[in-house]
Amino acid sequence: MNKRKKVLIISTTRRKNGNSAVLAQEFARGARDAGHEVEYVSLADKSINFCIGCFACTATEKCFMNDDASATVEKMRYADVVVFATPIYSNQMCGSMKTLLDRTNPIYPVNYCFREIYLLTTAAVDDEKVPDGAVTGIQNWIDCFSKSELKGVIRGVGINAIGEAEKHPELLAKTYEMGKNV
């Protein structure tokens, strides 16, 4: 086995037990089975304000806003692997994921640990291209962190109603294996 890694999985869906959250849990199971330390964060009940672009955080290494983003961003800083799970809305990542990414400014100037980024997506439309906007968005964010790279993407398409992801055993198996091979 490779070195034991700290894996942070962030489920960005606002629907509790949504389909992308199911994928996140499956990835977590695979990573745990491989012996990694896994922490799971759900944004479903978190309060995260929009970044106002003041950039004071690049000097202080923390945001002045007192909300749930700060703790999540701090966890990201010290994780070896960060996994984002998002539903696809309008061919993009969901709004809560984008809002969280905007709030990561405090870790731009510091010695962050994460090197591997994974993206897990679910979309109602049954077209493999639908998550492309989210993949581009996460890649643009990763480009701000020169020591990191996008290591894998899961495209769960044609999945809409809550619980539908569980009816796709091949997708769950692929997600589990990706987690296991972190």
Side-chain angles (χ1 to χ4, degrees), residues 7-28 30 40-53 68-69 72-73 75-76 79 81-108 112 114-168 170-179 181-182:
V7 179
L8 176 64
I9 300 173
I10 304 171
S11 173
T12 66
T13 182
R14 304 304 272 186
R15 292 195 313 180
K16 288 191 177 186
N17 304 313
N19 291 306
S20 60
V22 170
L23 296 187
Q25 291 291 351
E26 207 51 27
F27 191 103
Y40 181 89
V41 173
S42 171
L43 299 186
D45 56 359
K46 301 275 191 261
S47 174
I48 299 176
N49 296 313
F50 296 113
C51 177
I52 64 167
D68 294 320
T72 303
V73 169
K75 291 173 193 233
M76 290 171 66
V81 177
V82 180
V83 181
F84 295 99
T86 183
I88 300 298
Y89 300 146
S90 302
N91 297 342
Q92 293 288 335
M93 67 184 73
C94 70
S96 57
M97 180 171 163
K98 175 63 170 107
T99 300
L100 178 66
L101 293 179
D102 288 347
R103 292 289 301 283
T104 60
N105 285 334
I107 55 178
Y108 287 151
Y112 56 90
F114 58 89
R115 300 296 182 263
E116 300 175 29
I117 308 295
Y118 291 85
L119 179 64
L120 315 175
T121 68
T122 56
V125 177
D126 193 6
D127 181 344
E128 290 287 322
K129 293 183 211 159
V130 169
D132 287 353
V135 174
T136 298
I138 195 71
Q139 186 59 62
N140 289 339
W141 177 79
I142 293 167
D143 289 347
C144 297
F145 295 96
S146 62
K147 297 182 273 185
S148 300
E149 67 178 300
L150 183 60
K151 298 291 281 186
V153 176
I154 294 288
R155 296 167 182 261
V157 296
I159 299 172
N160 188 26
I162 289 180
E164 209 170 308
E166 294 165 355
K167 297 175 184 168
H168 294 267
E170 70 291 339
L171 177 65
L172 298 177
K174 184 177 177 182
T175 306
Y176 171 84
E177 285 301 317
M178 186 178 281
N181 290 307
V182 163

> In Å, rounded to the nearest 0.5 Å, how long is the span from CD1 of I142 to CZ of R115?
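If I round to the nearest 0.5 Å, the distance is 13.0 Å.
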> Given side chains that start at C-beta, do those of I162 and V22 come closer than 4.5 Å, heavy atoms only?
no
> Has Y118 got a side-chain atom pairing as donor or acceptor with V81's backbone, closer than 3.5 angstrom?
no
> Could you pull out the closest heavy-atom pair between A134 and M93, with the gap in Å?
CB-N, 3.6 Å
> Go through the steps to decide whether M178 and V83 satisfy the test side-chain contact (heavy atoms from CB on, under 4.5 Å), and finish with yes or no.
CA-CA 11 Å; M178 186 178 281; V83 181; over 6 Å; no
> To the nearest 0.5 Å, what is the distance between CE (M76) and CG (L101)?
6.5 Å
> For the pair M97 and L119, evaluate side-chain contact (heavy atoms from CB on, under 4.5 Å) and give the outcome as yes or no after the intermediate values.
CA-CA 11 Å; M97 180 171 163; L119 179 64; 3.8 Å; yes
> Ignoring hydrogens, what is the shortest heavy-atom contact between D127 and V157? Give both atom names and the distance.
O-CG1, 3.3 Å
> For the atom pair CG (D143) and CD (E149), what is the distance rounded to the nearest 0.5 Å?
11.5 Å
> Is the closest side-chain heavy-atom distance between I138 and V153 below 4.5 Å?
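With C-beta onward as the side chain, the pair stays apart.
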> When you measure from the side chain of T12 to the backbone N and O of A85, does any donor-acceptor pair fall under 3.5 Å?
yes
> Say whether, by atom type as modelled, one donor and one acceptor occur between the side chain of R14 and the main chain of L43 under 3.5 angstrom.
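Pair found, side chain donor or acceptor close to backbone of L43.
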> Ignoring hydrogens, what is the shortest heavy-atom contact between L172 and E166? Give both atom names and the distance.
CD1-CA, 3.9 Å
> Short question: side chain of N91, backbone of G133 - any donor-acceptor pair under 3.5 Å?
no
> Checking S90 side chain against Q92 main chain: does a donor-acceptor pair fall under 3.5 Å?
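Judged by distance alone, no pair lies under 3.5 Å.
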> What are the two closest non-hydrogen atoms of I88 and A123, and how far apart are they?
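Scanning both residues, the minimum pair turns out to be CB-CB, 3.8 Å.
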> Hey, what's the ring geometry for W141 with F114, parallel, tilted or perpendicular (30° and 60° as the breaks)?
parallel
> Is the shortest side-chain heavy-atom distance between N105 and C51 below 4.5 Å?
yes
> What are the two closest heavy atoms between E128 and R155, and how far apart are they?
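Scanning both residues completely, I find the closest heavy atoms to be O-NH1, 2.6 Å.
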> Would you find a donor on one side and an acceptor on the other, under 3.5 Å apart, between the side chain of D68 and the backbone of I48?
no
> What's the spacing between Y40 OH and I10 CD1 if we round to 0.5 Å?
10.5 Å
> State whether the side chain of T121 and the backbone N or O of I154 hold a donor-acceptor pair below 3.5 Å, judged by distance alone.
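Yes; at least one donor-acceptor contact below 3.5 Å.
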> Return the minimal non-hydrogen interatomic distance between T86 and C94, and the atom names on each side.
OG1-N, 3.0 Å
> Please lay out, stage by stage, how Q139 and I117 fare under the test side-chain contact (heavy atoms from CB on, under 4.5 Å).
CA-CA 9 Å; Q139 186 59 62; I117 308 295; over 6 Å; no
> Quick one: are K75 and V82 in side-chain contact, heavy atoms under 4.5 Å?
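Side chain of K75 against side chain of V82, heavy atoms only: no contact under 4.5 Å found.
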> State whether the side chain of N19 and the backbone N or O of A161 hold a donor-acceptor pair below 3.5 Å, judged by distance alone.
yes
> Give a yes or no on this: more than 12 heavy atoms of other residues, nucleotides or ligands lie within 6.0 Å of atom CZ of F50.
no
> So how far is it from S96 OG to K46 NZ, rounded to the nearest 0.5 Å?
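Here the rounded value is 12.0 Å.
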> In this structure, are over 12 heavy atoms from other groups packed under 6.0 Å from K98 atom NZ?
no
> From F84 CZ over to L8 CG, what is the distance, rounded to the nearest 0.5 angstrom?
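Between atom CZ of F84 and atom CG of L8 there are 7.5 Å.
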> More than 12 heavy atoms of other residues, nucleotides or ligands under 6.0 Å from CG of D132: yes or no?
yes
> In the structure I gave you, are the side-chain heavy atoms of V125 and N160 within less than 4.5 Å of one another anywhere?
no
> Backbone N or O of T122 within a donor-acceptor pair of the S20 side chain at under 3.5 Å?
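A pair under 3.5 Å: no.
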